[in-house]
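One structure below.
Note on naming: letters A, B, ... go to the chains in the order of the sequence lines (proteins, then strands), and numbering restarts at 1 for each one. The figures that follow rest on heavy atoms only: side chains count, while hydrogens, waters and symmetry mates do not.
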Number of protein chains: 2
Amino acid sequence: MADIKPSANPLFLREEELRQGMELLFYAYRDFTAEPDAMLAQYGFGRAHHRVIYFVGRYPGSTVSDLLAILRITKQSLSRVLGQLVREGFVTQTPGPRDRRQRLLNLTPKGEELERRLSENQRALIARAYREAGAEAVEGFRKVLLGMIEERDRAKFERTGYPGPVPIRRPG
Amino acid sequence: MADIKPSANPLFLREEELRQGMELLFYAYRDFTAEPDAMLAQYGFGRAHHRVIYFVGRYPGSTVSDLLAILRITKQSLSRVLGQLVREGFVTQTPGPRDRRQRLLNLTPKGEELERRLSENQRALIARAYREAGAEAVEGFRKVLLGMIEERDRAKFERTGYPGPVPIRRPG
DNA sequence: TAAATATGTCAATATGGCTGACATAAAACC
DNA sequence: GGTTTTATGTCAGCCATATTGACATATTTA
């Protein structure tokens, strides 16, 4: 034991580096969600409601299928949460114009207001971290996270120089 | 609408950039936890068990209080999960030598084996992303995430050049 | 017309979080 | 030595969020 010099042990350093990455993600996510969770609790909502509100706000006119693909939860889990949001007037459902089976989802003004309050908090957290870390670090942050997510979701993050996300591909 | 040039609208670009950051975090965390969640399900465990196994493996001899501070859950929530892990032989509890009220937590060989299987998967995911993004990007990734986490937890991530986490401060 | 798709819904189940109250043992303090 | 604080555990009850599997309906596509 005593004769193992750490600097002579690149594998240990490597594992340490990777574990730090794992933990950074854990802590960041923990702190990233803490305040919104507290806000949501005032409405009797949880993190699942937040995700639905966020992504419907982000991609107006999303369908249930779109959300299922993003959130990776079951139809039933989404249904309960979405049903609540619709009943309580945060989200509207309108039949799809081309495919009338679809229910296009949108935020009501009330929904937009809540979305804004929630994401404002998170944007401020990220904005501060970005500002302190600098533009180059932000590039690295993006690059590493992009490499961690499933290939099929990466297209959402192309840099177009134009505001707004890449619209959801809707065949038909 | 038509006369707003995106490039003349730095605030929109700024918000878009921040939202992309939020979403990158969401997708990365989603994909980071997907496979371990599936493994854990085979044992009848969930993500909470994973976190306990991970941090006990990472900081052997942790106390219940240490875990509570890291995980930010209640004693009762931890107790249920920890109790299961102890009963099923993944974690041991031994009285603290200096403070006998404490129960120092450690992984059994069985616990270490599970920890290894779980974190191996996540380390591989991060390793690939690190490799593809390059050392400079990794620095940026660390820097931004560090800026997002609570100040008091940042000390855990000092670069000592020596393998192993900064030991848990244990007063007394 | 038949098959596939988008969505909804029901029942049952499990995990993981919460609060609040209470208990014990040990350490720390005066 | 006596009091207070700390570390931990436990009980009962509650709620949010996820699961599976089965089934139903409307609509589109082949």
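Residues forming a side-chain contact (heavy atoms from CB on, under 4.5 Å) with A/Leu125 (at least two apart in sequence, or on another chain): A/Phe32, A/Arg128, B/Met148. The ring-ring contact (aromatic ring centres under 6.0 Å, His included) search around A/His49 returns A/Phe45, not counting sequence neighbours. Judged as a salt bridge (charged side-chain N to carboxylate O under 4.0 Å, His left out), and not counting sequence neighbours, A/Glu35 has no contacts. For B/Ala34, the side-chain contact (heavy atoms from CB on, under 4.5 Å) criterion is met by no residue, not counting sequence neighbours. For A/Asp31, there are no side-chain hydrogen bond (donor to acceptor under 3.5 Å, both in side chains) partners two or more places apart in sequence or in a different chain. Among residues two or more places apart in sequence or in another chain, the salt bridge (charged side-chain N to carboxylate O under 4.0 Å, His left out) test is passed with B/Arg123 by A/Glu15.
The local environment of CD in A/Glu150 is crowded, with over 12 non-hydrogen atoms from other residues, nucleotides or ligands closer than 6.0 Å. More than 12 heavy-atom neighbours from other residues, nucleotides or ligands sit within 6.0 angstrom of CD on B/Glu132.
Less than 4.0 Å separates DNA chain C from at least one heavy atom of each of the following residues of residues 36-51 of chain B: B/Gly44, B/Gly46, B/Arg47, B/Ala48, B/His49, B/Arg51. Within residues 24-35 of chain B, no residue is approached by DNA chain D to less than 4.0 Å at the level of any non-hydrogen atom. Across residues 84-92 of chain B, not one residue has a non-hydrogen atom less than 4.0 Å from an atom of DNA chain C.
Per the geometry, CZ belonging to A/Arg100 stands 18 Å off P belonging to D/dT25, to the nearest Å. Atom CG in A/Leu68 sits roughly 12 Å away from atom P in D/dA18 (whole-Å rounding). Look at CG on A/Leu71: it is 13 Å from P on C/dT7, rounded to the nearest Å.
End-to-end axis angle of the helix from C/dT1-D/dA30 to C/dC30-D/dG1, using five pairs per end and rounding to 10°, comes to 40°.
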For B/Thr33 and B/Arg47, run side chain to side chain donor-acceptor pair (under 3.5 Å): C-alpha distance rounded to whole Å, both residues' side-chain angles, the deciding distance at 0.1 Å, then the answer. CA-CA 8 Å; B/Thr33 48; B/Arg47 206 175 286 177; 3.3 Å; yes
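Ring pair B/Phe26/A/Tyr54: centre-to-centre distance not below 6.0 Å.
With respect to A/Ser119, the side-chain hydrogen bond (donor to acceptor under 3.5 Å, both in side chains) criterion is satisfied by exactly one of A/Glu115, A/Arg116, A/Gln122: A/Glu115.
Applying the ring pair (Phe, Tyr, Trp, His ring centres under 6.0 Å) rule to pairs touching residues 96-130 of chain A yields A/Tyr130-A/Phe141, sequence neighbours excluded.
In terms of heavy atoms, B/Pro36 sits closest to B/Asn121 at CD-OD1, 4.0 Å.
Phosphate proximity of D/dA18 to A/Thr74: absent, as no side-chain N or O sits under 4.0 Å from OP1 or OP2. Residue B/Ser77 has no polar side-chain atom (N or O) positioned under 4.0 Å from OP1 or OP2 of C/dG16.
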Take nucleotides 1-13 of chain D nucleotide by nucleotide from the 5' end and write B, S or -, depending on whether a protein heavy atom sits under 4.0 Å from the base, only from the sugar-phosphate, or from neither. -----BSBBBB--
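At distances below 3.5 Å, at least one donor-acceptor pair connects side-chain atoms of B/Arg154 with backbone N or O atoms of B/Ile149. Using a distance-only test at 3.5 Å, with no hydrogens or angles considered, a donor-acceptor pair links the side chain of A/Arg30 to the main chain of B/Ile70.
Below 30°, between 30° and 60°, or above 60°: for A/Tyr29 and B/Tyr29 the angle between ring planes is below 30°, a parallel geometry.
Closest to the B/Ile73 side chain, of the nucleotides D/dT17, C/dC18, C/dG16, is C/dC18.
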